[in-house]
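Computed from a predicted model, the values in this text were never measured in an experiment.
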Amino acid sequence: MSKQRPTIADVAHRAGVSKGAVSFALNGRPGLAQATVDKILAAADELGWRPSNRGRSLSVSKAFALGLVITRDPAVLSSDPFFPAFIAGVESVLSSRGQALVLQVVMAGEEEEAGYRRLAQDARVDGVFLSDLRHDDPRIPLLEELGLPAVTLNRPDGTSPFPAVILDDRPGTAAVVEHLVELGHTRIAHVGGPPAFVHATARSTALLSTLAAAGLEPVAVETSDFTAAGGIEATRRLLTLPQPPTAIVYANDRMAIAGLGAAQAAGLTVPDDLSIAGFDDSELAEYVHPGLTTVRADPFAFGEAAARTLNLVVDGATDVPDAELPPAQLVVRRSTGAPPSLGSPSPA
């Protein structure tokens, strides 16, 4: 019985890269680091791989799937204001192309890295969405090493070979602060997200710079984790300050809605005693009492644009440009009003 001839998938597994990367290397196409090319060619030589008509067909085959690795606790992912809508936007594009979305929910660190390596080595996806960018994000060089095409959700703070889909949070965050200053607030606090995330830092930086432009400093800045429990804890700490804030700006709606409940449980009336604003304009923001002033992003459109951009890369387009979406915008509802000392009515 003759020994089975090695395939592109065998070479990919031996080299620890995707089948697409093997195709690029064996066909002399640009786009891979030379070290990755050398590793693939060495693996092919070790396995005794030789091109054939059938092999060339396999070398350009696709998984017809894109990947998304999320570092979240599965127990809280269902209530996340961003990912369900983002995934729906992605699926609206993939379904028309006969593609699937491969989703992995993992913990950060070695488990996350292993998730990307599995996707590449098992040739399960043709490319991945890189979400929740971190400062000096180690996943960017990892994906380069694996030869796995990618698109980043917003621009990283370092160099990246991948196109980005950009939704600028900063104008919306600045507009929230300007709205509160116009109402007469001078004691404004902030509950931010994890500082390791680029988008959390961007929102906090925009808030602080807008306050500074108005000649103000924040009463306090609390660092939280985007969860409802984190929002409640941060709110309680702020309300026990010797001079508590008259307004709190949260980095997402989930923390803001939880903070609103904590303020009401403490006996405060929103917005008469305390103004509260969030970020996301999630579905519940309009229906809580009072309705939440927030910043409207569009995660569904984000998902659509990300899927289209990644498919351009997967289909072999060169120099794929960044895709820029309309920036986030302020939505004023009844959770913000004049501070107690002024006592003017809250907006309709």
Side-chain angles (χ1 to χ4, degrees), residues 66-90 101-119 125 127-144 146 148-160 162-170 172-173 191-206 223-228 230-231 250-255 278-280 282 295 297-307 309-310 322-323 325 328:
L66 303 179
L68 176 62
V69 179
I70 301 176
T71 53
R72 286 285 192 280
D73 181 345
V76 300
L77 185 59
S78 62
S79 62
D80 186 278
F82 175 80
F83 279 110
F86 174 82
I87 290 170
V90 169
L101 178 66
V102 177
L103 176 65
Q104 292 190 15
V105 181
V106 300
M107 301 303 290
E110 292 182 2
E111 185 179 342
E112 182 182 30
E113 178 179 335
Y116 286 107
R117 290 192 180 278
R118 282 194 303 270
L119 290 178
V125 300
V128 294
F129 303 99
L130 200 57
S131 66
D132 285 340
L133 290 179
R134 294 145 210 172
H135 298 288
D136 299 318
D137 202 313
R139 296 172 298 171
I140 292 174
L142 171 65
L143 295 179
E144 285 188 273
L146 297 174
L148 198 56
V151 62
T152 63
L153 306 188
N154 282 315
R155 286 194 185 100
D157 60 356
T159 58
S160 168
F162 307 121
V165 178
I166 300 150
L167 197 161
D168 193 350
D169 295 343
R170 294 170 298 179
T173 303
V191 179
F197 289 161
V198 172
H199 66 286
T201 302
R203 293 175 193 178
S204 296
T205 301
T223 298
S224 192
D225 58 0
F226 287 140
T227 67
Y250 297 79
N252 75 350
D253 282 356
R254 183 161 47 176
M255 293 194 297
F279 190 107
D280 287 318
S282 55
V295 176
D298 191 344
F300 186 90
F302 210 167
E304 287 182 310
T309 302
L310 184 51
D322 293 344
L325 300 174

Non-hydrogen side-chain atoms of [X] and [Y] separated by less than 4.5 Å:
| X | Y | answer |
| --- | --- | --- |
| V106 | T71 | yes |
| F302 | N154 | yes |
| T309 | P163 | yes |
| V90 | L66 | no |
| V128 | F162 | no |
| F129 | V165 | no |

- Item | Reported CD1-to-OG1 distance for the pair I140 and T159, which is rounded to 0.5 angstrom |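 Going from the CD1 atom of I140 to the OG1 atom of T159 covers 7.5 Å.
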- Message: Does the plane of the ring in F197 sit parallel, tilted or perpendicular to the ring in F226? Use 30° and 60° as the thresholds.
- Response: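 Parallel: the ring planes of F197 and F226 meet at under 30°.
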- Task: Could you please spell out the steps behind the side chain to side chain contact (heavy atoms under 4.5 Å, CB included) verdict for Y116 and Q104?
- Result: CA-CA 9 Å; Y116 286 107; Q104 292 190 15; over 6 Å; no
- Query: Mind checking what makes side chain to side chain donor-acceptor pair (under 3.5 Å) contact with D322, not counting sequence neighbours?
  - Reply: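 Once residues adjacent in sequence are excluded, the partners of D322 under the side chain to side chain donor-acceptor pair (under 3.5 Å) criterion are R155.
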- How would you list, by chain and number, every residue that makes a side chain to side chain donor-acceptor pair (under 3.5 Å) with D169, sequence neighbours excluded?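 Counting only residues at least two positions away or on another chain, D169 forms a side chain to side chain donor-acceptor pair (under 3.5 Å) with R203.
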- Neighbour count >12 (heavy atoms, 6.0 Å) for atom CZ, R170: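 Check fails, neighbour count at 12 or below.
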- Task: Under the side chain to side chain contact (heavy atoms under 4.5 Å, CB included) rule, what do H135 and V198 come out as? Steps first, then yes or no, please.
- Result: CA-CA 6 Å; H135 298 288; V198 172; 3.9 Å; yes
- Message: Quick one, L148 with V125, criterion side chain to side chain contact (heavy atoms under 4.5 Å, CB included). Give me CA distance, side-chain angles, the key distance, then yes/no.
- Response: CA-CA 9 Å; L148 198 56; V125 300; 4.3 Å; yes
- Taking the six-membered ring for Trp, are the ring centroids of F82 and H199 within less than 6.0 Å of each other?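 No; H199 has its ring centre 6.0 Å or more from that of F82.
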- Query: Can you list the residues that meet the salt bridge (charged side-chain N to carboxylate O under 4.0 Å, His left out) rule with D225, with sequence neighbours excluded?
  - Reply: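 Per chain and number, D225 pairs via salt bridge (charged side-chain N to carboxylate O under 4.0 Å, His left out) with no residue.
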